[in-house]
Amino acid sequence: MNCSDFTQQKRVPRWPGRFLVTVLSGLILFACFQTRGQNTPSPEVFYVNNKIGSDVFDGRNPECGTGNSGPFKSIMQAIQKCSVGARIEIANTGTDYRETVEISGLKKGQADAPLIIDGHGAVVNGLLPIAPEQWQHFRDDIYYFDNRVGGSDYKPRGWFDKKTGDSYYGPMPRNIWLTGRTGWFTEKEAPKAPQIFLVNGKPGPNVVKLEDLPPGGFFYDVKRTTLKDLPKCLFFRLPEKTELKDCVVELPQNDGIFVNDDYVTVQNIGSCYGVEDGFHGWRGQNVVFRNIHAFCNSEQGMSFHSIGSTFVDGGLIENNAGSGIVDVMSSLSIYRNVTVRNNNPLGVLFKGVAHAMYGCRIEDNGGAQISV
């Protein structure tokens, strides 16, 4: 089933239909006509550049000046340091930003002065290299990584650090394709499967059984069938005639772009290889995403939860491993001019209060193209 120019609204029986129409119409009007108040001063502008920037700079200048004048190096430094209603300009340097972008509890946006983040085509990339000393030897030329971050006296950084036995373990890719079965993808699924484990810059082959592990390949034991006392582990076999120190193995460790605050606009930016979703949020009201690209994330390309209200205006959502769009709980969402393709196990799942799509294309996804 291919869906072209699809328009869909879901109505939950416990809410009056007129109320839902009002909510959706209000969200559209906000998203399409959001402007700064007449008496609101022009926003302060902050700059980010991951090549020439530094987080000790003031972020007020796109170029390096005297003293501490110059752009920030990281996006999060700009978000934390900027003023309310600011505009953050991210330089597209050709090098991905390897960080988690989390806008939560900062209250940098207001109804008449939203926080605006413009990526200018830059990409936030969740891949991180695993240092040789982080690998544990299993046998022969096979090593495993379980992301152990500390012992019993370790203080967790957040919910993502979980205790198993006497140790704490950090996040591993929460790929829905993987959690439902032991191993990787079936032969039929493989052509659409995002390859999220890389060795020396290229995806390595994946197998469903440890005994089938080829040189330079991976086995992701999400069912804990091999080392039962540990959380899920990634097994890696060295390429032929290669030592571990010669291999750069990368896998999703950072999250994508998470917006949990009100009145935030994120535009012209991509998010890939997130340890969970590419773009997501929970409670943010009047959140806008414009011209975004979500691809090769461990879970959904976009996903909104709880009581958030979101407008996505223009975007490409492709090759994500836990479906293209999944909006649930009491979420309100509108998509306009968005293409959702080549995601698995399905294209779009709407299970919140109210959702709408205008001028969207939903095609070539695994399983159902759209489920409401």
Side-chain angles (χ1 to χ4, degrees), residues 34 36 41-104 106 108-109 113-129 198 201 248 250 252-261 263-275 277-281 284 287-297 301-302 312-318 338:
Q34 177 183 7
R36 303 182 70 85
S42 298
E44 288 189 290
V45 181
F46 292 80
Y47 299 91
V48 182
N49 187 308
N50 60 0
K51 283 195 172 180
I52 65 171
S54 171
D55 285 345
V56 302
F57 289 163
D58 61 7
R60 302 300 185 93
N61 194 328
E63 303 294 336
C64 298
T66 58
N68 71 334
S69 175
F72 292 125
K73 185 178 183 65
S74 66
I75 299 171
M76 279 308 302
Q77 181 74 350
I79 293 171
Q80 291 168 349
K81 296 294 185 179
C82 75
S83 53
V84 174
R87 183 180 182 95
I88 297 174
E89 303 283 355
I90 302 170
N92 182 359
T93 64
T95 298
D96 293 349
Y97 288 78
R98 301 288 185 101
E99 59 179 298
T100 295
V101 177
E102 181 176 341
I103 309 169
S104 182
L106 301 176
K108 295 297 180 74
L115 172 65
I116 298 177
I117 302 172
D118 195 327
H120 296 280
V123 174
V124 173
N125 189 323
L127 286 177
L128 286 181
L198 282 69
V248 178
E250 298 173 288
Q253 288 285 276
N254 280 331
D255 208 346
I257 298 176
F258 177 69
V259 180
N260 205 38
D261 283 353
Y263 306 110
V264 176
T265 294
V266 179
Q267 60 193 30
N268 305 317
I269 198 167
S271 180
C272 67
Y273 293 110
V275 72
D277 307 322
F279 297 87
H280 54 140
V287 176
V288 179
F289 293 96
R290 287 196 175 95
N291 190 27
I292 56 89
H293 187 196
F295 60 103
C296 292
N297 291 287
M302 305 201 78
V312 182
D313 188 13
L316 176 58
I317 304 171
E318 61 180 348
V338 173

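Keep in mind that the numbers below use all heavy atoms, side chains included, and drop hydrogens, waters and symmetry copies. Sequential numbering from 1 along the given sequence is applied to the chain's residues.
By the 4.5 Å heavy-atom criterion applied to side chains, Asn49 and Thr93 are counted as neighbours. Side-chain contact between Pro62 and Glu89 is absent, with no heavy atoms from C-beta onward closer than 4.5 Å. Side-chain contact between Val123 and Phe295 is present, with heavy atoms from C-beta onward closer than 4.5 Å. Within the 4.5 Å cutoff, side-chain heavy atoms of Phe289 are placed close to those of Met302. Considering only heavy atoms from C-beta on, Phe279 stays 4.5 Å or farther from Val312 through its side chain.
Nearest heavy atoms, Tyr97 versus Ala91: OH-O, 2.7 Å. Residues Glu44 and Ser83 share a closest heavy-atom pair of OE1-OG, 2.5 Å. In this structure, Val56 and Asn68 approach most closely via the heavy-atom pair O-CB, 3.8 Å. Here the shortest heavy-atom pairing between Asp118 and His120 reads OD1-N, 3.0 Å. Of all the heavy atoms in Val275 and Pro252, the pair that sits closest is CG2-O, 3.7 Å. For the residue pair Gly70 and Phe57, the shortest heavy atom distance occurs at O-CB, 3.3 Å.
For the residue pair Asn268 and Asn291, a side-chain donor N or O sits within less than 3.5 Å of a side-chain acceptor on the partner. Side-chain atoms of Thr95 and Asn50 include no donor-acceptor pair closer than 3.5 Å.
Atom NZ of residue Lys81 and atom CE of residue Met76 lie 11.5 Å apart, to the nearest 0.5 angstrom. Rounding to the nearest 0.5 Å places CG of Leu115 at 6.0 Å from CD1 of Ile103. Atom CD1 of Ile257 and atom CD1 of Ile292 lie 8.5 Å apart (nearest 0.5 Å). Interatomic distance, Cys272 SG to His293 NE2, rounded to the nearest 0.5 Å: 8.5 Å. Residue Ile88 holds its CD1 atom at 10.5 Å from CD of Gln77, rounded to the nearest 0.5 Å.
Judged purely by atom type and a 3.5 angstrom limit, Lys108 uses its side chain to pair as donor or acceptor with the backbone of Gln80. Formation of a donor-acceptor pair under 3.5 Å by the Thr100 side chain with backbone atoms of Asp255 is found in this model. Here the side chain of Asp261 pairs a donor or acceptor atom with the backbone of Leu106 at under 3.5 angstrom. Without hydrogens or angle criteria, Asn61 side chain to Glu63 main chain gives a donor-acceptor distance under 3.5 Å. For Asp55 (side chain) and Lys73 (main-chain N/O), a donor-acceptor pair under 3.5 Å exists by modelled atom type. With Asp313 contributing its side chain and Arg290 its backbone, the two residues share no donor-acceptor pair below 3.5 Å. A donor-acceptor pair under 3.5 Å is absent between the side-chain atoms of Glu99 and the main chain of Ser74, judged by distance alone.
The aromatic rings of His280 and Phe258 sit tilted, their planes meeting at an angle between 30° and 60°.
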Practice item. Would you please test Ile117 and Ile90 for side chain to side chain contact (heavy atoms under 4.5 Å, CB included) and show each step? Key: CA-CA 8 Å; Ile117 302 172; Ile90 302 170; 3.6 Å; yes
Practice item. Starting from the C-alpha separation in whole Å, work towards a yes-or-no answer on side chain to side chain contact (heavy atoms under 4.5 Å, CB included) for Val48 and Phe46. Key: CA-CA 7 Å; Val48 182; Phe46 292 80; over 6 Å; no
